[in-house]
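As the structure is a computational prediction, the values presented were derived from the model and not from experiment.
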Amino acid sequence: MLIALYERIKASRGILGYAQVSILCDELELDVEALMIELLPVAAKFALPPISKFYVGAIALERTSANSGNLYFGANLEFSDQALGLVVHAEQSAINNAWLNGAKQIDLIAITDAPCGHCRQFMNEMHNADALSINLPHKRTSLRRLLPEDFGPKDLDNHESLFQSTKQALSFSMTISDALCETVCRSYAPYTGNYCAVELETNKGRFVGGYIENAAYNPSLSPLQSALSQIQMSGYKLEEISITNITLVEQEGKKNQLGVVKAVISSLGYEIAIKEVTAYGL
Ligand SMILES: [Zn+2]
């Protein structure tokens with residue numbers, strides 16, 4: 001059954017819809033929290049950890065909106081030829097997946113292993129961090145218990161938060177796709193003001209990634225990491241797909257992402273001209 005579910009989740013790019021979740025809960029006689037723990041091995045199956053060989057899976061649940069009950073899967077992603085700082089952690093992957101796909105908040109995250117300090121800080125950027133539940137295979141806890149005496153957005157006088165940030169009104173130096181436009185405008189960049197996103201055109205379809213900044217800066221997720229994580233959560237290894245075009249949209253006067261996009265893309269063996277688009281505040 002887990003293999004069939006893996007195939008289904010791949011096809012829906014890392015999401016298990018609430019209707020299917022509800023059917024599974026009935027069939028297996030489990031509540032959703034227990035189901036999430038049962039599905040963690042499926043999440044970890046998406047992991048691509050060539051360096052650590054440590055497979056981590058995470059599943060995020062939104063309880064309170066039109067998408068209520070959806071499960072958003074995530075897994076760790078490592079790059080053999082790049083600085084370790086560019087690794088995407090499973091919790092970041094699941095939260096990025098939820099955020100890109102319209103979730104309004106995350107109420108609960110299940111993880112195969114205890115979250116590292118980097119991920120505790122990443123999760124602390126969410127508006128409901130004080131209420132976030134964290135379930136591990138043999139323990140139920142909360143972000144506050146794992147990250148007491150926290151440093152967060154308010155310490156930098158930032159009153160925005162991830163999942164509840166102001167949507168930007170932007171114009172662009174050239175026409176971009178609706179999905180890319182939506183992701184740029186919703187990107188979370190309260191510290192640098194570089195509202196940005198990237199679109200990768202591949203032989204397996206288009207993948208968009210958005211920028212998620214963090215009060216501690218280092219745990220921020222770049223748009224390229226965000227998009228590559230989406231490719232991974234569609235079940236593709238990065239070396240299996242062919243990227244044919246890259247469009248990077250960044251904010252006028254605030255650009256800071258081109259270097260990392262070039263470095264990571266060239267480390268994957270590509271020599272592609274990156275289409276640079278400038279976004280202007282209205
Ligand atoms: Zn982590």
Side-chain angles (χ1 to χ4, degrees), residues 32-33 36-37 40 43-44 47 49 52 54-65 71-78 83-100 103-166 186-195 210-223 225-226 229 256:
V32 69
E33 294 195 26
M36 289 167 76
I37 296 295
L40 281 174
S52 68
F54 190 76
Y55 290 70
V56 187
I59 306 173
L61 169 69
E62 178 184 20
R63 289 192 198 275
T64 48
S65 82
L71 297 182
Y72 300 94
F73 287 65
N76 55 327
L77 172 63
E78 299 173 353
L84 289 179
L86 290 172
V87 161
V88 181
H89 295 222
E91 300 87 326
Q92 290 181 300
S93 170
I95 290 167
N96 174 63
N97 191 9
W99 174 74
L100 282 173
K104 303 293 182 230
Q105 69 178 44
I106 297 303
D107 300 281
L108 168 68
I109 186 160
I111 319 166
T112 48
D113 299 275
C116 74
H118 178 93
C119 289
R120 295 177 197 199
Q121 186 67 50
F122 185 81
M123 293 188 280
N124 199 43
E125 199 73 20
M126 297 195 288
H127 73 98
N128 64 333
D130 284 341
L132 180 67
S133 299
I134 295 178
N135 285 359
L136 306 175
H138 303 293
K139 185 176 184 135
R140 294 184 179 200
T141 183
S142 69
L143 182 62
R144 266 307 146 254
R145 238 177 276 166
L146 297 177
L147 191 70
E149 307 294 330
D150 67 307
F151 175 84
K154 291 189 177 63
D155 293 300
L156 292 180
D157 236 359
N158 167 29
H159 297 284
E160 300 276 322
S161 53
L162 184 58
F163 286 91
Q164 270 198 355
S165 61
T166 308
R186 288 182 57 242
S187 65
Y188 177 71
Y191 305 109
T192 66
N194 185 22
Y195 300 98
Y211 193 21
I212 300 177
E213 289 190 340
N214 186 275
Y217 292 3
N218 299 80
S220 302
L221 193 69
S222 74
Q225 289 170 295
S226 167
S229 177
N256 56 21

Look only at the side chain of E91 and the backbone of R120, and say whether a donor-acceptor pair between them is shorter than 3.5 Å. no
For S222 versus Q225, what's the shortest heavy-atom pair and its separation? N-OE1, 2.7 Å
Just wondering, do T112 and Y55 contact through their side chains at under 4.5 Å, heavy atoms? no
Output the distance between atom CD1 (I109) and atom CG (L132), rounded to the nearest 0.5 Å. 7.0 Å
Results of salt bridge (Lys or Arg N to Asp or Glu O under 4.0 Å) for E33 - residues two or more places apart only: R63, R140
Grab the two heavy atoms, one from A90 and one from A58, that are nearest each other, plus how far apart they are. O-CB, 3.6 Å
L108 vs M36, side chain to side chain contact (heavy atoms under 4.5 Å, CB included): CA-CA, chis, key distance, verdict: CA-CA 10 Å; L108 168 68; M36 289 167 76; 3.7 Å; yes
Hey, can you tell me if H118 and H89 have their rings parallel, tilted or perpendicular (30° and 60° cut-offs)? parallel
Atom NZ in K104, atom CD in Q164: separation rounded to 0.5 Å? 10.5 Å
For L162, which of M123, E125, E213 qualifies under side chain to side chain contact (heavy atoms under 4.5 Å, CB included)? E125
Is N124 reaching over with its side chain to a backbone N or O of F151, donor-acceptor style, under 3.5 angstrom? yes
Holding to salt bridge (Lys or Arg N to Asp or Glu O under 4.0 Å), I want the full list of residues that pass it with D107, two or more places apart in sequence or in another chain. none
Once rounded to the nearest 0.5 Å, what's the spacing between atom OG of S226 and atom CG of L100? 4.0 Å
Here the pair of heavy atoms bringing P115 nearest to L136 is CD-CD2, 4.2 Å
Would you give the length of the straight line joining atom CG of L61 to atom OG of S133, rounded to the nearest 0.5 angstrom? 9.5 Å
Closest heavy-atom pair and its distance - T192, Y211: OG1-CE2, 4.0 Å
ring-ring contact (aromatic ring centres under 6.0 Å, His included) with F54: which residues, sequence neighbours excluded? none
Taking the side chain as everything from C-beta on, heavy atoms only, tell me whether L221 gets closer than 4.5 Å to S93. no
Spacing of CG belonging to L147 relative to SG belonging to C119, to within rounding of 0.5 Å: 11.5 Å
Are any side-chain N or O atoms of N97 and backbone N or O atoms of F73, one a donor and one an acceptor, separated by less than 3.5 Å? yes
Using side-chain heavy atoms (C-beta onward) and a distance below 4.5 Å, is I134 in contact with R144? no
Under 4.5 Å between any side-chain heavy atoms of N128 and F163, yes or no? no
Look up atom CG in L71 and atom CD in E62, then write down how far apart they are to the nearest 0.5 Å. 11.0 Å
Which pair of non-hydrogen atoms, one from Y188 and one from W99, has the smallest distance, and what is that distance? N-CZ2, 4.1 Å
Please lay out, stage by stage, how Q92 and S229 fare under the test side chain to side chain donor-acceptor pair (under 3.5 Å). CA-CA 9 Å; Q92 290 181 300; S229 177; over 6 Å; no
